[in-house]
Each structure stands twice: as C-alpha cells, then as structure tokens.
Asker: 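Before we start, here is the structure in question, set down as structure tokens.
The structure presented is a predicted model; accordingly, all values stated were derived computationally and were not measured. Below, chain A is the first sequence line, B the second, and so on; all start at residue 1.
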There are 2 protein chains.
Amino acid sequence: MEEKNTYNNNYDNSPLAYALNLIGGKWKLPVIWALSKNGTMRYNELKRNINVITNMMLTQVLRELENDGIINRKQYMEIPPRVEYSLTENGKELIPALKALAHWGSNMKKFNGEGM
Amino acid sequence: MEEKNTYNNNYDNSPLAYALNLIGGKWKLPVIWALSKNGTMRYNELKRNINVITNMMLTQVLRELENDGIINRKQYMEIPPRVEYSLTENGKELIPALKALAHWGSNMKKFNGEGM
DNA sequence: CAGTATCCTCACAGATACTG
DNA sequence: CAGTATCTGTGAGGATACTG
C-alpha cells in the first residue's frame, strides 16, 4: 500500500524528496504540529484541534503517518473505544527541521511584507 | 496575483505555513535545488537539468519563485535572448533548512528501509 | 532562446451517510 | 468513540502547439 510520491521527480533519490513525501499533503503537518504541542491525543481530540478536517481525511492521514513511522497509535481495548496518538522518536526529530523552515518562512514573510 | 495556499489550515498564521507555501508544489524545490548546485543557470539549462519539466511548468514556477523573492531573473537584451536565473540571498538561506529536512528524510529512509 | 496560449486529465480532497 | 463506505468536485499539473 504505497503512497503516491508527488515529489519523485529529479533531485530525486534525494532524501529531501523522501522527507517531503512523508510530510506532504494538506493535513500531515497540522496533525504533526498538534501532536508536537499536545503530546498524546485521542482521535476526536485531534479532530477538534485541527479545525475542520473530516473523519476521512483524519483517518487517512493518521494511517499514513503511522505506516511511515512518524506517529504511534495505541488502541485500548475498552468500550467505548479509546485510541491515542503521539509522535514517535522519529516524528519528534522532525520538529527541529520544521522549525528551521518556519524560521526561514518568518523572515520571508517580513521580507515580502505580505498582509497575512 | 496571489498563489493558492494549500497549507492555510490550522497551524496557520504560522510561518511554517508560509514557508511551505513558498516552496510547495511539484517543481519549486527541483528548481531551487538545481540553482543551489549550479549557481547561475539559463532557462534551457534548467529545463535540461530538471528532467522532464515542460515549458509551461518551468515558466510558471520561475515566475512564482521570482515574485516570492527566492530567485533572481536577469535578462540580457541580446538576440538571441539570454536570461539567467540564480538564488537570491533569501533563497540561499533556505538551503540549510532543506538540508535539515533532507537529513531527517535520510534517517527515515533507513528506518523504514524502503527499496528506493 | 525563452517563453505563451489552450485545452484537458486525474489524483487529492471533501460531503454525506453509515458502523463495530 | 473511532472510525468506513461511496460518491462528487476542483484545481494543480500537464500535453501540445505556437511566438517575439
């Protein structure tokens, strides 16, 4: 069940392509961001936290992140069901890189002076 | 002529969203990568370097990167025309962040042990 | 050489409804 | 509570042809 690689052109067989592939798409970073801020979160907690994501999108992105070793999924066999998500060590190691990007983005924003 | 922001959900008004917006899409990083390796490049040089990008895509992405202050476009008024592209200072400052991501990607690749 | 102008496709995303 | 199952649509990306 391989994901599509939107970034598999050129500069490819580059690990950068691989990285972007893992965190690409519309919802992966919002999920990673939320988990990095809040630690462990349940499904509906994530859903509430991430603005207006649908069940389908959330489920899909959680599965992909889990398969890629970026988040942990811990399911408690209770009723009602409880499932908790958190970043793996690998996932946590992503944060500094994201911060570097964010820092650059911050400078660019100032530089370009865009309203929002 | 504002670009669409694919990443403008949640974790938004975050500079990370802004950064990803600037370098998002399929072709921006290949162009940035090529320029960071080769310094100044002409249009067709980029086209040859970046695998199978079409004129349309290359032109479009060059315009956007130029408008966002990531690359310089220098046009020489000669015949035949000559146009040279290079990274701006802002563009160059992006490279370390990309390297951080690439480094993470490299680890993930090992960790996930994917064939390619 | 360095681009534009059209037209088109299809994957990603979403709405809605249902379930163990 | 934590998901699945369908169906639908939209726009980023692309093929092709033409131009100053």
Side-chain angles (χ1 to χ4, degrees), chain A residues 1-10 12 17 20-31 34-35 40-67 71-86, chain B residues 1-10 12 20-31 34-35 40-68 71-86:
Chain A
M1 208 91 326
E2 212 45 31
E3 304 163 43
K4 286 298 288 275
N5 187 346
T6 320
Y7 296 95
N8 63 357
N9 310 277
N10 328 287
D12 170 82
L20 286 171
N21 203 11
L22 295 187
I23 64 168
K26 190 166 179 178
W27 297 109
K28 287 187 178 178
L29 280 168
V31 167
L35 289 175
T40 295
M41 296 176 82
R42 300 178 62 172
Y43 182 92
N44 277 312
E45 202 176 347
L46 275 165
K47 188 159 148 64
R48 264 176 267 115
N49 200 280
I50 301 173
N51 211 9
V52 286
I53 191 170
T54 61
N55 284 329
M56 250 205 70
M57 289 297 104
L58 181 54
T59 301
Q60 182 179 307
V61 80
L62 286 171
R63 290 283 175 277
E64 288 180 8
L65 289 172
E66 189 195 357
N67 290 336
I71 65 172
N72 289 126
R73 178 179 189 275
K74 183 159 190 195
Q75 179 165 7
Y76 297 85
M77 283 314 190
E78 329 175 326
I79 290 175
R82 179 155 63 107
V83 181
E84 290 181 346
Y85 295 94
S86 57
Chain B
M1 210 87 330
E2 213 44 35
E3 302 161 45
K4 286 296 290 275
N5 187 346
T6 322
Y7 297 95
N8 63 356
N9 310 279
N10 329 287
D12 169 83
L20 286 170
N21 203 9
L22 295 186
I23 63 168
K26 190 166 180 179
W27 297 109
K28 287 187 178 179
L29 280 168
V31 167
L35 289 175
T40 294
M41 296 177 82
R42 300 178 62 172
Y43 182 91
N44 277 312
E45 202 176 347
L46 275 166
K47 188 159 148 65
R48 262 175 268 118
N49 200 280
I50 302 174
N51 211 5
V52 286
I53 192 170
T54 61
N55 284 330
M56 249 205 72
M57 289 296 103
L58 181 54
T59 301
Q60 183 179 306
V61 81
L62 286 171
R63 288 285 175 278
E64 287 179 9
L65 289 172
E66 190 195 357
N67 290 335
D68 292 335
I71 65 173
N72 289 124
R73 178 180 189 275
K74 183 159 189 194
Q75 179 166 8
Y76 296 87
M77 283 314 189
E78 330 174 327
I79 290 176
R82 179 155 63 108
V83 181
E84 289 182 347
Y85 294 94
S86 57

Asker: To the nearest 0.5 Å, tell me how far I53(A) CD1 sits from R48(A) CZ.
Answerer: 14.0 Å
Asker: Whole Å only: how far is the NZ atom of K26(A) from the P atom of dA11(C)?
Answerer: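 Roughly 19 Å, once rounded to whole Å.
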Asker: Looking only at atom types and distance, does a side-chain atom of Y43(B) sit under 3.5 Å from a main-chain N or O of N55(B), one as donor and one as acceptor?
Answerer: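 Yes: the side chain of Y43(B) pairs with the backbone of N55(B).
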Asker: Measure from CG on L62(B) to C1' on dG13(D) and round the result to the nearest Å.
Answerer: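 These atoms are roughly 16 Å apart.
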Asker: Does R42(A) have a side-chain nitrogen or oxygen under 4.0 Å from the phosphate oxygens OP1 or OP2 of dA2(D)?
Answerer: yes
Asker: Look at all strands and tell whether Y85(A) reaches a base, only sugar-phosphate, or nothing, counting heavy atoms closer than 4.0 Å.
Answerer: sugar-phosphate
Asker: Could you state the atom-to-atom distance from CG of L20(B) to P of dA12(D) in whole Å?
Answerer: 16 Å
Asker: Using a cut-off of less than 4.0 Å, is there contact between a side-chain N or O of W27(A) and OP1 or OP2 of dG14(C)?
Answerer: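 Looking at the OP1 and OP2 atoms of dG14(C), one of them is under 4.0 Å from a side-chain N or O of W27(A).
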Asker: Any side-chain N or O of R63(B) under 4.0 Å from OP1/OP2 of dT4(C)?
Answerer: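 The answer is yes; a side-chain N or O of R63(B) sits under 4.0 Å from OP1 or OP2.
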Asker: How would nucleotides 15-20 of chain D be written as a contact map, 5' to 3', with B for base contact, S for sugar-phosphate-only contact and - for no contact, using protein heavy atoms under 4.0 Å?
Answerer: B----B
Asker: For A17(A), is there any backbone N or O sitting under 3.5 Å from a side-chain donor or acceptor partner on N21(A)?
Answerer: no
Asker: Roughly, in whole Å, what's the span from CE in M57(A) to C1' in dA5(D)?
Answerer: 13 Å
Asker: Whole angstrom is fine here: how far is it from CD in Q60(B) over to C1' in dC7(C)?
Answerer: 15 Å
Asker: Ignoring hydrogens and angles, tell me if any N or O in the side chain of N49(B) forms a donor-acceptor pair with the backbone of E45(B) under 3.5 Å.
Answerer: no
Asker: If I take atom CG in residue L58(A) and atom C1' in nucleotide dA5(D), what distance separates them, rounded to the nearest angstrom?
Answerer: 17 Å
Asker: Looking only at heavy atoms, what is the nearest atom pair of V61(B) and W27(B), with distance?
Answerer: CG2-C, 3.9 Å
Asker: Could you check which nucleotide pairs with dG20(C) in any of the strands shown, counting Watson-Crick or G-U wobble with both distances under 3.5 Å?
Answerer: dC1(D)
Asker: Can you figure out which of dA2(D), dG3(C), dA13(C) approaches the side chain of R82(A) most closely?
Answerer: dA2(D)
Asker: What is the distance, rounded to the nearest whole Å, between atom CD1 of I71(A) and atom P of dA2(D)?
Answerer: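 The distance from CD1 of I71(A) to P of dA2(D) comes to 13 Å, rounded to the nearest Å.
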Asker: Could you tell me the Watson-Crick or G-U partner of dT6(D), where both distances fall under 3.5 Å? Say none if there is no partner.
Answerer: dA15(C)
Asker: Using modelled atom types and a 3.5 Å cut-off, is there a donor and acceptor pairing between side-chain atoms of K28(A) and backbone atoms of L22(A)?
Answerer: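 The answer is yes, because a donor-acceptor pair under 3.5 Å joins these two groups.
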Asker: Please state how far atom CG in L46(A) lies from atom C1' in dA2(D), giving the value in whole angstrom units.
Answerer: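 After rounding, the reported distance stands at 12 Å.
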Asker: Kindly compute the distance separating CG (L35(A)) from CG (L62(A)), expressed to the nearest 0.5 Å.
Answerer: 7.5 Å
